[in-house]
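Quick notes on the structure that follows.
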Amino acid sequence: MPYRHSATRSSWLAALALCIGLSVTGQLHAATGTTITPNYKDADIRQVIEAVGEVTGKNFILDPRVKAQVTMLSVAPMSPDAFYEAFLSILSVYGFVAVPAGDVIKILPDANARQMPGAELERGGGGRPDDIVTRVISVQNVAAAQLVPILRPLIPQYGHLAAHPPSNLLIISDRASNVDRMAQIIARIDLAADQDYEVMRLEHASATEIVKLVGALNQGAQQGEGGGGPRVTVVADERTNSVLITGAKDDRLRYRALITHLDTPLEEGGDTQVRYLRYTNATDLATKLQSQYSGTGAQAAAGKEAAPPAQRGEIGIWADDSTNALIITAPPKIMKSMMAVIDKLDIRRAQVLVEAVIVEVSSDRAAQLGVTWAVGGADLDNAIGVTKFPGTTGVTGVASAIIGGGAGSDGSTNATELLGNGLTFGVGRLKDSGINFVALLEALESDGTSNIIGTPVLVTLDNEEAEIKVGQEVPFVTGNYTNTGTGGGGAVNPFQTIEREQVGLTLKLTPQINEGDAVRLKISQEISSLLPSSAAVDLITSNRSINTTVIVQDNATLVLGGLIQDQVTETESRVPLLGRIPLLGALFRSDSTKKNKTNLMVFIKPTILRDNVQAAFQTNAKYNYIRDQQMLLKPKNVRLMPQTQRTVLPEVPAAAPATDPESPVIDLREQPAGESVEPGGT
């Protein structure tokens, strides 16, 4: 039957009675194998030793310095052997140790334990964990003296650790559990240092670059005696392009596998690669790369002549125009950097569709009224009085032509050719004798209007200049003269000099797409056209040009500039004094009025085409618009040729499935023809 054992220092008599009872029951427990549950609270350690002796049957010798008040609480029953193990733990906690000496066990302070003979056990021997043992450990690969400062902090103050340098041994005295732990630590430190050398000759990679890369594995390691230096040392021999490795065998094997993996040819083979470009021009890119990397390999050493070109630091770049490819020869490090640059540059660039709308509405009005007259002798050869105003017809020439009978054989001009524009009304007397007079009344009124809308459309790549010209060459007469022949017939050869000028629309621009959806446009635009006018002797052209740089949001419309002009010109030509006479003064003056009104505006609308979908949509709109205009022509058959039909744009065929996920294809037939968008619609 289990029992609980406790003692206090309040009553020595109770303790003695308990010890007597424990002695009897202890023998009973030893005989029957039952368990006990001891409990002590501030009990004298000597009483506990006596109780242990009674239960286990062991004999103890106590050192006079063994004095302490101990407390032991137990709730689980334990056997006598377990009770003895707990007793040894109590001694360890309070600074005492049990040292076997034959049939008795000495109880003394642990400070003297290393001076007493204990259980000198060989490696793997038994013993309780709290027994004091002394063990001699032989060190094979590391100096024993170097281990003492490393292991000494792991030994308690009462323990002992010393080295014997001649025999390279370690002597440890401590409790058995701690000695076993120290033996395991020493076994892990005492490893063979295999310092054989290996030489690896590299075929593809640079030995210097490989050593720099592998050296990162040993970064931070400290060399020197007693320190944990790098287990592997890697050195490069540039002359033979080889790598020297020294260290433990297993580490050398790991490094050799790593270097072998790094010393492999590039995927395309060797130090030369062929890079096919998809969007960038190979010739332009080759020039830029050569300029960028031309100085990288200039530091090649004089002893590298026998190495391959790439290992000497030489770089070669040339372009093949037929395949739009780059052929590059460079060291691996520069090759990798160059390929990264090419990946950034060889990309599909966005396009910009620019629609410019030029609207010009102008009107010209002119009115002219004047009277000219002449008084003179016969046939008006000797004129007495003549009036002639700008813009009117002189009467003397007209009268002479009428009297002379029109155009003669000498090439004289007919009177009708001398008359001005508009209405000409004349009165007078033309005789061979006497006084003759002629008076002409001329009246002219003209109106001219023009409505010009130009919508140039232009598509170009981002940051690429583009230009479109739509117009015609118009001839302008710059001069004329008559050349009389020297032959017998006296033929007259008239000549005219003509200069041709471009009349139409010109649009030049350079778009630049910003980070967002804005487009920076550098624009140069010019539009010229012919204007109707009755007051000029030749053609009149209007010219409008704009040179500017603007920023416009994607798919937004911006006004670039314009002109609103209203001009009125009134002219009065008269004879002094007579022209101011009321009513009669109209016979001595000529009046003209001109009014010109111009309205001009220029708009711009950019649309960013980032992929094939947007480009196809815009193409669809313009294509269907042109086809709709052709379909509106009636009849479809050509006049006077019933069997011939007008040529019309065909329907767009169905698009093939897209093979490139980044380049989708859109079917232009998806948008009905009746819903097409006019070019330049704003």
Side-chain angles (χ1 to χ4, degrees), residues 273-293 317-328 335-356 455-469 506-525 547-558 560 604-623 655-668 677 679-680:
Q273 293 193 38
V274 178
R275 175 66 181 266
Y276 294 96
L277 303 181
R278 301 178 62 186
Y279 306 104
T280 308
N281 182 270
T283 303
D284 296 340
L285 187 57
T287 303
K288 297 175 182 178
L289 291 176
Q290 189 69 51
S291 175
Q292 174 69 20
Y293 293 94
I317 307 173
W318 59 280
D320 181 33
D321 294 332
S322 60
T323 59
N324 195 39
L326 292 176
I327 295 86
I328 305 173
M335 180 74 74
K336 182 178 179 181
S337 173
M338 198 176 301
M339 288 301 171
V341 173
I342 295 175
D343 290 338
K344 296 291 185 180
L345 297 178
D346 188 29
I347 59 175
R348 179 188 177 96
R349 294 159 60 187
Q351 302 180 98
V352 180
L353 169 68
V354 180
E355 299 172 280
T455 311
V457 180
L458 193 59
V459 179
T460 182
L461 286 174
D462 183 24
N463 278 324
E464 291 290 341
E465 183 181 288
E467 181 180 11
I468 183 174
K469 291 184 177 181
T506 301
L507 175 63
K508 181 187 296 184
L509 58 90
T510 303
Q512 179 181 350
I513 301 176
N514 293 345
E515 183 67 23
D517 292 331
V519 181
R520 182 178 184 270
L521 293 171
K522 183 179 180 181
I523 302 173
S524 176
Q525 182 174 277
N547 294 283
T548 183
T549 301
V550 295
I551 296 179
V552 193
Q553 287 297 119
D554 179 25
N555 210 31
T557 302
L558 179 68
L560 294 183
I604 199 76
K605 177 185 177 182
T607 302
I608 302 175
L609 308 178
R610 298 188 184 275
D611 50 32
N612 282 357
V613 175
Q614 294 176 300
F617 178 80
Q618 295 295 333
T619 303
N620 178 25
K622 304 301 185 287
Y623 189 94
T659 56
D660 187 357
E662 297 182 358
S663 301
V665 178
I666 189 171
D667 189 353
L668 299 183
V677 181

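Taking each heavy atom of E464 and P511 in turn, the nearest pair found is O-CD, 3.4 Å. Residue A556 comes nearest to V552 through the heavy atom pair O-CG1, 3.6 Å, listed as atom of the first residue, atom of the second, then distance. Across all their heavy atoms, P606 and Q553 have their closest contact at CG-O, 3.9 Å. Considering every non-hydrogen atom in both I551 and A518, the closest pair reads CG2-CB, 3.9 Å.
Put simply, OH on Y276 and CG on D320 are 8.0 Å apart, with the number rounded to the nearest 0.5 Å. Atom CG of L521 sits about 9.0 Å away from atom CG of L558, to the nearest 0.5 Å. For the atom pair T283 OG1 and W318 CH2, the distance stands at 11.0 Å (nearest 0.5 Å). Here the CD-CG distance, from Q512 to N463, works out to 5.0 Å after rounding to the nearest 0.5 Å. For the atom pair CG of N324 and OG1 of T280, the computed distance is 8.0 Å after rounding to the nearest 0.5 Å. With rounding to the nearest 0.5 Å, the separation of CG in L277 from OG1 in T323 is 9.0 Å.
Counting heavy atoms from C-beta on, the side chains of V341 and Y293 come closer than 4.5 Å. By the 4.5 Å heavy-atom criterion applied to side chains, E465 and T460 are not counted as neighbours. At least one side-chain heavy atom of R275 sits under 4.5 Å from a side-chain heavy atom of D343. Contact of the L326 side chain with the L289 side chain is registered, since non-hydrogen atoms from C-beta on lie closer than 4.5 Å. In this structure the side chain of K622 reaches within 4.5 angstrom of the side chain of E355, judged on heavy atoms. For the pair K605/N555, a side-chain contact is recorded, criterion being any heavy-atom separation below 4.5 Å from C-beta on. In this structure the side chain of T607 reaches within 4.5 angstrom of the side chain of D554, judged on heavy atoms. For the pair I317/M338, a side-chain contact is recorded, criterion being any heavy-atom separation below 4.5 Å from C-beta on.
For the pair D346 (side chain) and R278 (backbone), a donor-acceptor distance under 3.5 Å is present. A distance-only check finds a donor-acceptor pair linking the side chain of D611 to the backbone of Q614 [under 3.5 Å].
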*Determine, stepwise, if the pair R610 / I513 fulfils side chain to side chain contact (heavy atoms under 4.5 Å, CB included).*
CA-CA 10 Å; R610 298 188 184 275; I513 301 176; 4.1 Å; yes
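Residue I523 is tested with L507, T549, N547 for a side chain to side chain contact (heavy atoms under 4.5 Å, CB included); the sole match is L507.
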